There are 2 protein chains.
Amino acid sequence: MHKAAPAGAAEQPMEGVARITRMTLHEAVLNQLRDMIIEGKLPPGMRINEGQVGASLGVSRTPLREAIKTLASEGLVEILPAKGAVVRRFSEGDIAEILAVLKVLEQAAARLACGRAPEAEIAAIADLHARMMQLYESGDRLAYFKLNQAIHSAIVRASGNATLAQTHEQLQARIRRIRFVGNEKPERWAGAVAEHEEMIAALVARDGDRLVEVLGRHLDQTMERVRDAVL
Amino acid sequence: MHKAAPAGAAEQPMEGVARITRMTLHEAVLNQLRDMIIEGKLPPGMRINEGQVGASLGVSRTPLREAIKTLASEGLVEILPAKGAVVRRFSEGDIAEILAVLKVLEQAAARLACGRAPEAEIAAIADLHARMMQLYESGDRLAYFKLNQAIHSAIVRASGNATLAQTHEQLQARIRRIRFVGNEKPERWAGAVAEHEEMIAALVARDGDRLVEVLGRHLDQTMERVRDAVL
DNA sequence: TTTCTGTATTCTGCATACAGTAGTTCGGGG
DNA sequence: CCCCGAACTACTGTATGCAGAATACAGAAA
């Protein structure tokens, strides 16, 4: 007495038909707040007044609070009981800690990616890099920056370990703002670009050891770049 | 006209005096739900009915929902829009991914801990281990299990990198339940204990390379132990 | 009997209302 | 003039109410 179309049939949409996915309000608010923190519209140390922020987003406090709880779990805000949420401020030590973990994660991902990432995925990353280089030439810092982050994320995703990628993404989000304001100085920028060139070369050659080495160097340098941006 | 006691004085409590920390309701609910998931009272795949669970905890839906959002961010539940939250079910692949990341994190922490952890902290871990061995002898599985997790966490904390520790803790929470039901078989258990002996020896000797090696082996074995517990 | 469709019920998502607490201001006393 | 205290204000924490979506159910048609 089995059915031809099992209960899970709804999960198999007709091919070529995109699934409709509505976004819940707290999710939209979450993304919006994250962006606002990263872009500095909500600077570190600022208290998030629920009434005020909610009104400016045109949302009641309920979904806003739910989003804030998620941000707290992600480490982007701190919740002080009975006092509300404040945008978290990262000390130089915090940043060093985060970069140290990112380094470990990216290096582990690098080995995996060199070993088992499909050729197409590596090609796609190389393509991202090429586009990023164009942006470097044209001096479009914002777009460059975003693509830069995307490349790091893509490398980690190429490991095939989604948990690794998600963990990396979450930590990267914490310091995104810092890096955003960071790469100011031209000479620093040039150095970072050179390291990226090496990274892609190693990845395309599937040279895990070399990629690990370059990534390590790149992230150590990132700490330096961030340091004199913060000070 | 500066004050002798600056505004931040409230953040410097008298030493030896524990700060009073009231727990907000959503925080209490969060901890409770986490425990319920880990202990299997909320088994994987179960839908969390807000009205029902809220009533049984004696809490309204608002703090409950906030707690659920945090659990989702931690990866313990999944939120299906307009359908509610379900306790996340981890496939064997998911577990392998998580253990792979835990391995990387613990190994990185191991090197740091061997290099710069204070002697007292290492001694404290060794002490934990000794107590765990007693529990092993007496066959108290539950207490053994908890102390086991605590040791792994303590080693990571000994790295001095709080971000690393927090990241590790969060991932560990995801598979805590699996490991909880996992270590059934006596021969497996004995193997795990032997590995722990080695780990502590390496840590006390501050032999980073050896600790990394043992930890790697231990977590690979953990995958095996979990595998035949799940199947 | 089986399948499809219309309806009822249940539950989530969001908004609002209420209660309690921290911060602030103003008045009085030393 | 400074310090202390009490009332006030503003905001967070929690509960409840309401609208809409998803599921379950029942009836009709093939």
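Quick note on labels: first sequence line is chain A, next is B, and so on, each numbered from 1. Source: prediction; values computed, not measured.
- The CG atom of B:L80 lies 11.5 Å from the OG1 atom of A:T24; values are rounded to the nearest 0.5 Å.
- Sorted by first and then second residue, the pairs that involve residues 158-169 of chain B and meet salt bridge (charged side-chain N to carboxylate O under 4.0 Å, His left out), not counting sequence neighbours, are B:E169-B:R176.
- One distance of note links OG of A:S159 with NE2 of A:H168; it measures 10.0 Å at 0.5 Å rounding.
- Listed by residue number, the members of residues 77-88 of chain B with any heavy atom below 4.0 angstrom from DNA chain D are B:A82, B:K83.
- One interatomic measurement links the two molecules: CD of B:E50 to C1' of C:dG13, which rounds to 8 Å at whole-angstrom precision.
- One atom, CZ of A:R22, and another, P of C:dG13, lie 9 Å apart when rounded to the nearest Å.
- In this structure, the helix from C:dT1-D:dA30 to C:dG30-D:dC1 shows an angle of 0° between the axis at its start and the axis at its end, each fitted on 5 base pairs and rounded to 10°.
- For the contact set between residues 60-72 of chain B and DNA chain C, defined by any heavy atom under 4.0 Å, the members are B:R61, B:R65.
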Test salt bridge (charged side-chain N to carboxylate O under 4.0 Å, His left out) on B:R174 and B:D94 and set out the steps. CA-CA 10 Å; B:R174 292 193 192 173; B:D94 292 330; over 6 Å; no

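- Legend: residues meeting side chain to side chain donor-acceptor pair (under 3.5 Å) with B:N31, ordered by chain and number and at least two apart, are B:R34.
- For the side-chain hydrogen bond (donor to acceptor under 3.5 Å, both in side chains) condition, the pairs that include at least one residue of residues 48-59 of chain B, sequence neighbours left out, are B:E50-B:R61, B:E50-B:R65.
- In this structure A:R111 satisfies the salt bridge (charged side-chain N to carboxylate O under 4.0 Å, His left out) test together with A:D209, sequence neighbours excluded.
- For B:H152, the ring pair (Phe, Tyr, Trp, His ring centres under 6.0 Å) partners two or more places apart in sequence, or in a different chain, are B:H196, B:H218.
- Note that CD1 of B:I175 and OG1 of A:T163 are 10.0 Å apart. Values are rounded to the nearest 0.5 Å.
- Under the salt bridge (charged side-chain N to carboxylate O under 4.0 Å, His left out) criterion, B:E121 pairs with no residue at all, not counting sequence neighbours.
- Toward the 5' end of DNA chain C, the nearer of the two residues A:V59 and B:G51, judged by each one's closest nucleotide, is B:G51.
- For DNA chain D, the contact window with chain B, defined by any atom under 4.0 Å from a protein heavy atom, covers D:dT14 to D:dT23 in 5' to 3' order.
- The stretch residues 157-167 of chain A participates, sequence neighbours left out, in no salt bridge (charged side-chain N to carboxylate O under 4.0 Å, His left out) pair at all.
- How far CZ of A:R227 is from CG of A:L99: 10.0 Å, rounded to the nearest 0.5 Å.
- Partners of B:K146 by salt bridge (charged side-chain N to carboxylate O under 4.0 Å, His left out), not counting sequence neighbours: none found.
- Atom CG in A:N49 sits about 14 Å away from atom P in C:dG23, given to the nearest Å.
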